[in-house]
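One structure is given here, and the rest of the page talks about it.
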Amino acid sequence: QTELIHSFKGIPFSTTVSTELLQALDTFEAREDDVVLVSYPKSGTHWLTEIMKNLYHCNNDNNATGQVTLTSALEFGDLSKFDELRNLPSKRLIPTHLSHDMIPVQFKTKKCKMIYVIRNPKDTAVSMFHYYQQNPLLPKIEKWSTFLDMFLKGEVVYGSWIDHVQSWEKNQNDENTLFLYYESMKKDLPKYVKEISSFLNISVSEDQINEIVKKSSFSEMKEKAQKEKVDTKHTVCALTSDKKLIFRKGAVGDWKNHFTSKQNAQFEALFKDKINSSELARQVEYE
Ligand code: A3P
C-alpha cells in the first residue's frame, strides 16, 4: 500500500500527483484573472468550490468555452495538465492543496486572487482518517491512534497541517487573498457567500445568496453526489474524483467523538505553541 504514496521535497503525495508535474510547478503560466482555491485536504474544498460554481454559474467541463471553468486540482495528473489548462479559453477557477511555497510563482507575481479555507485541525484529522479508510487511492490505516500519530508528525498527504497554515500566513495581509474558516461558514454561510462575492467583485442579490446557500448545504451536496456519475478526469481534490467519498458528516466538533483526553493532550503538547504563534491558526475555533 505504500506504493500509493510518494514523497516530493519531504512531503507525501498520492500517486495521482506526478513528480514531473510537481517539479514543473513554477513553469505554470498563470493568468491575472485566475482564481485559486486553496486548502489543506479535508478543510471544506468541495464546499467552497460548490459556492464558487454557483457564484459564477460555471461548469467543470475542460473543453468549455463558457465564461468560467472549474478546473481539476492543479497538481492532479501529469504534465499534460498544464497544456490542458493553457488551452482553456475561459476564466479558470483552480483548486489546489499545495502549500504557499509550492504554488506556481506566477500566481504570486500576477497577483491572482486566492481563497484559503481553514478548518479546526482536530476535525480535519478525523475527516482525513475516514478518507484514508475509504479512499482506494490512500493507504488503509486501521487504527485512529496510528493515524493521529501520522497526522501530528506530518506524515500524511500534503504534510503537516500547521506547516501548511504557516506557509499561507505569508499572504495574511495580502488583499488578493481571502481567508475563510470552516467553522464560521457553518455558523453563518450567507455572510461568507457575501464576503466571497464582494472579494471577487460579483454582484449577487439576497435571493441569489439564499439560493447559493441552499445549493451548497451539506445535505443537497451529498444528495447530488450520490446521483452524479464519477468523471475520473475531473477532481476537485487531487485525492479522488469520487464525490461519494467526500460527504461524511459535515459537522463541527466530531473530533470529540474520536480523541481520547490523552490524545487531546498529545495534540496540545505538539501543536499549541505553533498555533499560538500563528495568527491564522489562532483564529480557528478549537472547541
Ligand atoms: P467530514 O469528513 O468531517 O464530514 P474536502 O472537500 O476538503 O475534502 O473536505 C471534506 C469535508 O468537508 C468533509 O468533512 C465533508 O463532509 C465536509 N463538507 C463537504 N461539503 C460540506 C458542506 N456543504 N457543509 C459542511 N461540510 C461539508
Side-chain angles (χ1 to χ4, degrees), residues 13-14 16-17 36-55 60 70 72-76 93-99 115-138 141 144 147-148 151 156-159 161 164-165 168 179-193 196 209-226 228 230 234-259 284-286:
F13 286 94
S14 64
T16 52
V17 178
V36 194
L37 308 174
V38 197
S39 55
Y40 184 80
K42 314 320 291 171
S43 304
T45 325
H46 289 81
W47 191 12
L48 176 64
T49 54
E50 185 63 27
I51 296 167
M52 298 291 290
K53 260 163 60 179
N54 285 300
L55 272 171
N60 56 19
L70 171 66
S72 278
L74 177 70
E75 65 275 21
F76 173 73
L93 304 182
I94 310 177
T96 181
H97 288 318
L98 293 173
S99 65
I115 304 182
Y116 185 77
V117 54
I118 314 177
R119 186 181 191 186
N120 181 337
K122 296 180 191 175
D123 281 339
T124 304
V126 168
S127 180
M128 206 188 235
F129 170 58
H130 289 98
Y131 204 35
Y132 262 69
Q133 285 191 322
Q134 258 130 49
N135 188 338
L137 297 176
L138 292 171
I141 310 293
W144 158 243
F147 181 81
L148 182 62
F151 184 87
V156 292
V157 277
Y158 294 93
W161 177 86
H164 201 277
V165 172
W168 279 93
F179 291 96
L180 296 171
Y181 289 85
Y182 181 99
E183 293 73 25
S184 314
M185 287 164 64
K186 280 290 285 191
K187 267 194 200 138
D188 190 352
L189 192 54
K191 177 175 167 192
Y192 295 97
V193 172
I196 299 168
I209 287 176
N210 292 336
E211 189 60 26
I212 292 170
V213 166
K214 223 172 94 196
K215 282 194 178 152
S216 53
S217 72
F218 178 79
S219 55
E220 291 240 349
M221 286 183 69
K222 180 169 181 149
E223 204 183 304
K224 206 170 129 206
Q226 305 303 324
E228 229 170 60
V230 177
H234 194 274
T235 79
V236 167
C237 157
L239 301 166
T240 192
S241 37
D242 185 356
K243 297 223 186 84
K244 287 180 203 69
L245 299 176
I246 299 298
F247 306 96
R248 191 184 61 91
K249 275 196 174 174
V252 170
D254 192 33
W255 66 270
K256 290 173 192 158
N257 301 318
H258 291 76
F259 279 69
V284 171
E285 277 175 37
Y286 289 93

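One-based numbering, in listed order, for ligands and for the atoms of each.
Close approach of ligand 1 to F247 is summarised as follows: ligand atoms under 4.0 Å from at least one heavy atom of the residue are 16 (O), 19 (C), 20 (N). Taking every heavy atom of S43 and a limit of under 4.0 angstrom, the matching atoms of ligand 1 come to 7 (O), 9 (O). Counting the atoms of ligand 1 from 1 in the order shown, those under 4.0 Å from a heavy atom of S216 are 23 (N). Residue contact check: S217 has heavy atoms under 4.0 Å from atoms 23 (N) of ligand 1. Distances below 4.0 Å separate heavy atoms of M221 from the following atoms of ligand 1: 23 (N). Residue K42 has at least one heavy-atom neighbour below 4.0 Å for each of these atoms of ligand 1: 5 (P), 7 (O), 8 (O), 9 (O), 10 (C).
Heavy atoms of Y182 found under 4.0 angstrom from ligand 1 belong exclusively to the side chain. Both the backbone and the side chain of H46 come within 4.0 Å of ligand 1, judged by heavy-atom distances. Here C237 has no heavy atoms under 4.0 Å from ligand 1, in either its backbone or its side chain. If you look at A251 next to ligand 1, there are no close heavy atoms at all, none under 4.0 Å.
In this structure, atom 11 (C) of ligand 1 lies nearest to the protein heavy atom R119 NH1, 3.7 Å. Annotation: atom 13 (C) of ligand 1 to nearest protein heavy atom, I246 O, 3.5 Å. The nearest protein atom to atom 2 (O) of ligand 1, hydrogens excluded, is given as S127 OG, 2.6 Å; this is a heavy-atom distance. For atom 7 (O) of ligand 1, the nearest non-hydrogen atom of the protein is T45 OG1, 2.4 Å.
The backbone N or O of L239 lies less than 3.5 Å from a partner atom in the side chain of N135, making a donor-acceptor pair. Side chain of E183 to backbone of V252: no donor-acceptor contact under 3.5 angstrom is found. In this structure, the side chain of H234 engages the main chain of L70 through a donor-acceptor pair within 3.5 Å. Judged purely by atom type and a 3.5 angstrom limit, R119 has no side-chain atom pairing as donor or acceptor with the backbone of G44.
Evaluated for a ring-ring contact (aromatic ring centres under 6.0 Å, His included) with F259, the options W144, F147, F129, F151 yield exactly one hit, W144.
Taking each of W255, W47, Y40 in turn, the one with a heavy atom nearest to atom 24 (N) of ligand 1 proves to be W47.
Residue K249 has at least one nitrogen or oxygen atom sitting less than 3.5 Å from a nitrogen or oxygen atom of ligand 1, judged on distance alone. The shortest N or O to N or O distance between H97 and ligand 1 is not below 3.5 Å.
No more than 12 heavy atoms of other residues, nucleotides or ligands lie within 6.0 Å of NZ in K214, so this atom counts as exposed by the packing criterion. At most 12 heavy atoms of other shown residues, nucleotides or ligands fall within 6.0 angstrom of atom NZ in K191. No more than 12 heavy atoms of other residues, nucleotides or ligands sit less than 6.0 Å from atom CD of E223.
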Inset, instruction - Go through the steps for H164 and Y116 under the test ring-ring contact (aromatic ring centres under 6.0 Å, His included), then give the verdict. - result: CA-CA 11 Å; H164 201 277; Y116 185 77; 5.7 Å; yes

Inset, instruction - In sequence, state the C-alpha distance, the side-chain angles, and the governing distance for W168 and F179, and then conclude on ring-ring contact (aromatic ring centres under 6.0 Å, His included). - result: CA-CA 9 Å; W168 279 93; F179 291 96; 7.3 Å; no

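Residues E50 and K53 are paired through a salt bridge, judged by an N-O separation under 4.0 Å between the basic side chain and the carboxylate.
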